[in-house]
Participant: 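Sending over a structure as structure tokens; questions will come in a sec.
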There are 2 protein chains.
Amino acid sequence: MNLKQFSQLLGLSPTTVSRALGGYPEVKEETRLRVREAAIRHGYRPNRRAASLATGRSMAIGHVIPTTLNHEMVNPIFADFIAGAGEIYARAGYDMLLSVVPDGDEERAYRQMADAGSVDGLIVHGPRDADPRIGLLQKTGLPFVVHGRARVDETDYSYVDIDNYRAFQRATDLLLDLGHRRIALLNGVDGMDFARRRRMGFEKALAGRGLTPLPDLMASAEMTEHMAHANAARMLDQSVKPTAFLVSSLIMAIGVRRALEDRGLRMGRDVSVVIHDDMLSYLMNGEEVPIFTATRSSVRAAGRRCAEVLLAQIRSKPDAPIQEVWECELVLGGSTGPVTT
Amino acid sequence: MNLKQFSQLLGLSPTTVSRALGGYPEVKEETRLRVREAAIRHGYRPNRRAASLATGRSMAIGHVIPTTLNHEMVNPIFADFIAGAGEIYARAGYDMLLSVVPDGDEERAYRQMADAGSVDGLIVHGPRDADPRIGLLQKTGLPFVVHGRARVDETDYSYVDIDNYRAFQRATDLLLDLGHRRIALLNGVDGMDFARRRRMGFEKALAGRGLTPLPDLMASAEMTEHMAHANAARMLDQSVKPTAFLVSSLIMAIGVRRALEDRGLRMGRDVSVVIHDDMLSYLMNGEEVPIFTATRSSVRAAGRRCAEVLLAQIRSKPDAPIQEVWECELVLGGSTGPVTT
DNA sequence: GGCATTTTCCAAACCGCTTTGACAAACCGA
DNA sequence: TCGGTTTGTCAAAGCGGTTTGGAAAATGCC
């Protein structure tokens, strides 16, 4: 059923029907109602592609989600982020176009989406330290919002990020206040912007007490349970064992806990653990009492906000980019305690 | 840059350029090369929407992923499934259209995608016991593949599923062979097809030894760490404690393990645990030696296969649906041992 | 009632591509 | 050299909507 057929059915012109459905004022309210009612009754829905072509807007937002080359791992936060963004898109009548590409191959995916005009805007995931994608997208002129940020000229693009630096500084301070001095940092891979900021916050807090970070107690790796376990195990078997861990995700913390248990150590008593908690729906950090002491920020809320910002930007190209940095909550759970020696 | 401009640039007609790029034989090889080279040099890429409209194919596949109403939870397996499917789509030049909708509201989403012609095919996620979506889609005539299956007339649609029944029967048998008699089942929510099959496999194995399942040792709930922890805790505090757990996912098993630790119980010695392992990239079940004894099947591979089957179906509407049921591996890990009393 | 407005609807152009059918050029054998 | 095939290219007609510029009908005003 296309517009022509449908309008003939109603004895109206395609123009009028299109306007009635589109909510334009040039059509009598009574006619509009008649058209609307008939549309749902006959199951008529304007063809998305044709409408896109005519209006020049594709009513879709592109997400390019990277998978790491070696392990083909896809960051589990995407599920929640996308759920959040999807809520907003659905409400605004936008579709979400997903492209899963191997790490490093993202540029091509972005360029393709831009050139082929299949989307009206883009969300950039997992920004690197100095991410080439941002410059690329600025050139295309396509609206985009970065989840996180990168070092490249921060004034020129929109982003929604959490204050990773402050979060890890505060978390480290908390551990220092508890008397911990040998604190291990299990971080995301080097090169990711968030990992760099977290490390800097960590080092800053240490420096505040006149401590220097120990290379043996710092690891940058993929944020899997397995890698975290391996790294924690290695550190716990060193001569200079850590008394506390600062861990970049809840998934990783599970690996850390496993390493502790393997050695008969009890979390929160023998060894303290602080994590960053993305508040994933299927992996909540306890209920009232958090399992892990954590810096906390909902990645789903970030997804929602990124989508909102992007849509606002598409609707009315604002001259100033929208840049938000969210403060994390710091919640106390059962995984931390005073140092014991 | 559109086709008209681009072809003028080359001194050719739009037709020829389109054909050259499309790989049609009616154009001289030399011309084709010239066109191809110019296309990449000038960054010309046919507009996706216009091409779609002209061909009638939208070159996109729709995924409708449900989030549970109450907890807005999105199943973490989607990330991996989608990564798998995305690989295949990318290779075949298809886009992936994602729609995240609250549980139960999926029908509308499907109908919309179908009516508006925004996709050439659909993947159905998380089929219920007797899922209305399947009948709906059959009526629309849009090709679709179900990840999993439902009870409704299994002969009429394509699916890729694992043998949940056999998997859980075998897992239960394994525990029974180890001497366990009080085996708890922590399953997905009632109403999901896979949960029903798993329960039936479990009950069948018990029946094989003349045992009847104890209602107190069976739970159906959302597959979160938290729910699993709560249910395991409740069971462990009963007078008739389970000596073993059969658990529907690795995430849930983490909750179970936490419940065990809370009580000073050691997994694999005091209490045995068998899980179903979807082989998620960020949550591997150990390396050489699995942490958990498990029935195992890669959900990423399932994503790949679903995509392949769907694309095959789109290319050449076959008269017979493609239906695959994969056997799970049964791997032995450190989480099981003979019953101790 | 007659004219100016406003309201309601329509015909036709256009969005950017694919594809059919036609045509010119090159090639072939006789 | 000439008719008959290929081969390489093109003009034009869709695909299914939206939107501009009018025309017809309805309304308002004096």
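Below, chain A is the first sequence line, B the second, and so on; all start at residue 1.
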Participant: Taking atom types as modelled and ignoring hydrogens, do the side chains of A/T16 and A/S13 form a donor-acceptor contact shorter than 3.5 angstrom?
Facilitator: yes
Participant: Any salt bridge linking B/D120 with B/R57? Criterion: basic side-chain nitrogen under 4.0 Å from a carboxylate oxygen.
Facilitator: no
Participant: Take B/A54 and A/A50, find for each the nucleotide of DNA chain C with the closest heavy atom, and name the residue whose nucleotide sits nearer the 5' end.
Facilitator: A/A50
Participant: Is a donor-acceptor pair below 3.5 Å formed from side chain A/T15 to base D/dT19, judging by atom type as modelled?
Facilitator: yes
Participant: Considering residues at least two apart in sequence or located in another chain, which fulfil the ring pair (Phe, Tyr, Trp, His ring centres under 6.0 Å) criterion with B/F81?
Facilitator: B/H125, B/H147
Participant: Nearest-nucleotide wise, let me know which of B/L53 and B/L12 is further upstream toward the 5' end of DNA chain D.
Facilitator: B/L12
Participant: Under a 3.5 Å threshold, yes or no: a donor from one side chain and an acceptor from the other, between A/S158 and A/Q323?
Facilitator: no
Participant: Does OP1 or OP2 of D/dA11 have a side-chain N or O of B/S13 closer than 4.0 Å?
Facilitator: no
Participant: Return whichever of B/R49 or B/E26 has its heavy-atom-nearest nucleotide of DNA chain C closer to the 5' end.
Facilitator: B/R49
Participant: Kindly say if A/Y24 contacts the phosphate of D/dT19, meaning a side-chain N or O under 4.0 Å from OP1 or OP2.
Facilitator: yes
Participant: Can we say A/R133 and A/E107 salt-bridge, meaning some charged N sits less than 4.0 Å from an Asp/Glu carboxylate O?
Facilitator: no
Participant: Students should find this one: the first and last nucleotides of DNA chain C, 5' to 3', lying under 4.0 Å from a heavy atom of chain A. What are they?
Facilitator: C/dT8 to C/dG16
